[in-house]
Each structure stands twice: as structure tokens, then as C-alpha cells.
Amino acid sequence: MAPTIHLVRHAQGFHNLSVENESIRDPDLTALGEQQCADLRASFPAHAKLTKLVASPLRRTIYTCDLVFGGGSGSGSKNLYPIVLMDNLQEVSDSPCDTGSSKDKLVSEFGSRIDVQRVRDGWMEKSEGTVFEPTMAALTARAKEARRELKRIAEEADGDIAVVSHGGFLHFLTDDWEGVPLERGTAWSNCMCRSYTFAASPDDKDDVRLVETQESWRRRQPVATKQQLTAMEQRELRAVVQQRIGPYLKIKA
């Protein structure tokens, strides 16, 4: 069977509490965030199918991944360490809260629970001209890079994988722009989980699409008769939503 990728937005971090807290570098999870992890761990239906864990290298995503899927106990989960860290899954802005820690610091904190081989030495640098600069073009490019890499990981893992990333970047990764509230930069709530399969891209042979499963889609729809948007409809929606959420996500022109 084709692998399923379960995408999760990290649990609540201290930077989510106020605009002022966005000045905190690589913040921790709050107590509520830890409870959100426990709740998702208890409700997640596919622990037994997981073969690999992947996360952004920011501390809140690592902790979310560890608390929800790690440990080798509870909810029927297996020992899936190490968590594979992918720097191209990090959040979009260059704010302190979205700027990570050095690989040495991460290894010191998380030890053998993480694999930093896919984290580049300059992954915290988001200035103009870098891979991680917060522009629409750069974000689109690294989302494509991330999709291709996740497909390779899923194929090698021969089973489902769980991936923890960020509310802003998950829209770029999935190319799903539906339902973003006017007053927010993302439609993903803290610890939200959606499940996807891989498909060919309709207009780029070097890219892959993520297609949400019907079960995942129906689980989060308040109106049972609503239908998923087509790839073309999502493309038409993309430009409008990107222009609107850019200021919220601190994306530069």
C-alpha cells in the first residue's frame, strides 16, 4: 500500500501566547501544549502503522513529536527513535521564535533521540539570499524540496510516517490554502493532525503532491456534504491567500 504521511502542527509554545513572546528564541512548550500532546497521543489512530518520525529542528516541534509519538510506550506505539530532523520543515519567518538552535545544542538537549544528519550547519540563517529567507519564492522552493525528501523517507521506511512542522509552513508543504481565518496566518490549530498520501504533481514532473485522505478530510469538516478542492482550485486560491497571510507570517516580498 502507498505510505501515509501524518502531518502535525506543534503544540502550543510560549510564543503563541502573545506578540511580545515572539521575541523568545526557540521557545518551549507551555503546560497546555504538553497536555495537547498527551491528548493527541491518546487519540491518534495509527500508532501501530508508524515506521518513522520526522520533525522540524525547532525545539517545540521536537518536543511535540517526542511527547506524541516517542517513548516506545503508551497508545500501542513502538520505539521509533531517532526522530529525523529536517531543516526545510522549519517555520517561515526570521523572528526569534522561528529561529532555531545550533546542532550541538540540540544534540546536547535531546541526545540519541534525534538524528541531525539532514540539518545543515547554517540552518538558523534566514537572511536575504539564503535557502531559508522568508520570501514566497524561497518558501515555495523549500516546500518542494521537503515534499520530495519526505517521499523518499516514506518509501524507505516502508510504512506510515509522522511529521511535525509549523502552522505557516504546513500550508506551503501541502499546498492547501483553504479555510485560513482572516485574523490568522494559518488554518492549522496547535497539535492538529491531518493525513496525506503522495501523488504525482499535475504540472511539475520533478515535484510531488500531498493529497489529504478522505478519512482525514471528513474528520475535520463541519459540513458533511462539502467536497475537497481540486488541485487546480487550490492553485487559484493560493495567490489570494498568500497575499493576505504574508504580513501575519512576516513573509517579505
Side-chain angles (χ1 to χ4, degrees), residues 2-11 40 44 46 50 52-56 58 61 64-65 68 84 86-93 98 132 134-155 160-181 184-204 206-221 226-246 248-249 251:
T4 298
I5 175 172
H6 305 280
L7 299 179
V8 178
R9 182 190 176 193
H10 63 80
L40 179 56
F44 182 72
L50 292 178
K52 185 70 70 174
L53 303 180
V54 182
S56 151
L58 285 155
T61 42
T64 299
C65 192
V68 176
V84 176
M86 284 175 48
D87 56 17
N88 49 20
L89 292 174
Q90 67 178 292
E91 186 56 300
V92 302
S93 88
D98 294 335
F132 303 109
T135 64
M136 292 295 181
L139 289 165
T140 300
R142 71 171 166 99
K144 175 179 176 178
E145 176 187 73
R147 285 190 295 271
R148 287 162 53 92
E149 191 168 356
L150 287 171
K151 186 173 186 290
R152 287 193 293 269
I153 291 173
E155 290 172 343
D160 289 9
I161 63 174
V163 180
V164 184
S165 186
H166 305 265
F169 186 68
L170 282 165
H171 286 290
F172 288 88
L173 184 67
T174 61
D175 205 19
D176 184 341
W177 304 94
E178 188 178 11
V180 181
R184 293 178 57 197
T186 182
W188 290 71
S189 57
N190 289 120
C191 250
M192 173 180 275
C193 178
R194 304 183 192 180
S195 302
Y196 295 79
T197 55
F198 294 97
S201 172
D203 53 10
D204 185 349
D206 295 322
D207 198 2
V208 293
R209 279 184 68 214
L210 287 173
V211 180
E212 189 170 8
T213 67
Q214 279 292 311
E215 180 184 8
S216 173
W217 165 258
R218 290 300 176 198
R219 188 170 59 236
R220 63 187 186 86
Q221 294 308 314
K226 189 176 181 180
Q227 297 297 313
Q228 286 179 272
L229 296 182
T230 65
M232 183 60 68
E233 288 170 331
Q234 288 285 4
R235 297 293 172 87
E236 293 172 354
L237 185 62
R238 177 205 292 164
V240 176
V241 177
Q242 283 187 347
Q243 183 176 18
R244 177 164 56 80
I245 69 174
Y248 287 101
L249 299 177
I251 299 172

Query - Minimum heavy-atom distance between V92 and R142, given as atom pair plus value - result: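 Looking at all heavy atoms of both residues, the closest pair is CA-NH2, 3.7 Å.
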
Next on the checklist: Looking at every non-hydrogen atom in both residues, tell me the closest pair between A146 and L173 and how far apart they are.
Outcome noted: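 Residues A146 and L173, closest heavy atoms: CB-CD1, 3.8 Å.
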
Could you list the residues that satisfy side chain to side chain contact (heavy atoms under 4.5 Å, CB included) with [X], not counting sequence neighbours?
X    : result
A46  : H6, F44, K49, D160
D204 : K144, S201, D206, D207
T135 : E133, A137, A138, K252
E155 : K151

Salt bridge (charged side-chain N to carboxylate O under 4.0 Å, His left out) involving [X] - partner list, sequence neighbours excluded:
X    : value
K52  : none
R244 : none
E236 : none
E233 : none

(Q) My understanding is that only residues two or more places apart in sequence, or in another chain, count here; which of them pass ring-ring contact (aromatic ring centres under 6.0 Å, His included) with F172? (A)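 F172 satisfies ring-ring contact (aromatic ring centres under 6.0 Å, His included) with W177 only.
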
Please answer whether the main-chain N or O of [Y] pairs with a side-chain N or O of [X] as donor and acceptor at a distance below 3.5 Å.
X    : Y    : result
R209 : A200 : no
S216 : S195 : yes
H171 : A187 : yes
E91  : G168 : yes
T61  : H10  : no

Q) Run the side-chain contact (heavy atoms from CB on, under 4.5 Å) check on I153 and V163 step by step: do they pass? A) CA-CA 11 Å; I153 291 173; V163 180; over 6 Å; no

Could you tell me the separation between the [atom1] atom of [X] and the [atom2] atom of [Y], rounded to the nearest 0.5 Å?
X    : Y    : atom1 : atom2 : value
I161 : L53  : CD1   : CG    : 9.5 Å
L237 : Q242 : CG    : CD    : 9.5 Å
L7   : W188 : CG    : CH2   : 5.0 Å
L249 : R184 : CG    : CZ    : 10.5 Å
E145 : L89  : CD    : CG    : 9.5 Å
I245 : I251 : CD1   : CD1   : 5.5 Å

Review point. Does some side-chain heavy atom of Y196 sit less than 4.5 Å from a side-chain heavy atom of T174?
Key: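 Yes, close enough: below the 4.5 Å cut-off.
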
With R148 as the cation and F198 as the aromatic partner, state whether NZ or CZ is under 6.0 Å from the six-membered ring centre and within 45° of the axis.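 Pair R148/F198 does not count as cation-pi.
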
### Query
Looking at residues at least two apart in the chain, or sitting in another chain, which of them share a side-chain hydrogen bond (donor to acceptor under 3.5 Å, both in side chains) with S93?
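S93: side-chain hydrogen bond (donor to acceptor under 3.5 Å, both in side chains) contacts with S95, D98.
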
With Q90, which residues qualify under side-chain hydrogen bond (donor to acceptor under 3.5 Å, both in side chains), at least two apart?
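Here the qualifying residues are K126.
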
ask   = Between S56 and H166, do the side chains contain an N or O donor and an N or O acceptor separated by less than 3.5 Å?
value =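 Side chains of S56 and H166: pair found under 3.5 Å.
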
* **Salt-bridge present (D175, R238; N to O < 4.0 Å)** =>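 Here D175 pairs with R238 in a salt bridge, since their nearest N and O are under 4.0 Å apart.
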
Is any NZ, NE, NH1 or NH2 atom of the basic residue among R220 and E212 found under 4.0 Å from an Asp or Glu carboxylate oxygen of the other?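 Result for this pair is yes, salt bridge flagged.
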
### Q214 atom CD, over 12 foreign heavy atoms within 6.0 Å
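Yes, CD of Q214 has more than 12 neighbouring heavy atoms, counting only those of other groups under 6.0 Å.
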
Checklist line | Verdict with supporting geometry, I5 and L210, side-chain contact (heavy atoms from CB on, under 4.5 Å) | finding: CA-CA 9 Å; I5 175 172; L210 287 173; 3.8 Å; yes

- Query: Which pairs count as salt bridge (charged side-chain N to carboxylate O under 4.0 Å, His left out) when at least one residue sits in residues 188-203, sequence neighbours excluded?
  - Reply: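 Residue pairs passing salt bridge (charged side-chain N to carboxylate O under 4.0 Å, His left out), neighbours aside: D176-R194, D203-R235.
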
Practice item. Go through the steps to decide whether T197 and T213 satisfy the test side-chain contact (heavy atoms from CB on, under 4.5 Å), and finish with yes or no. Key: CA-CA 7 Å; T197 55; T213 67; 4.1 Å; yes

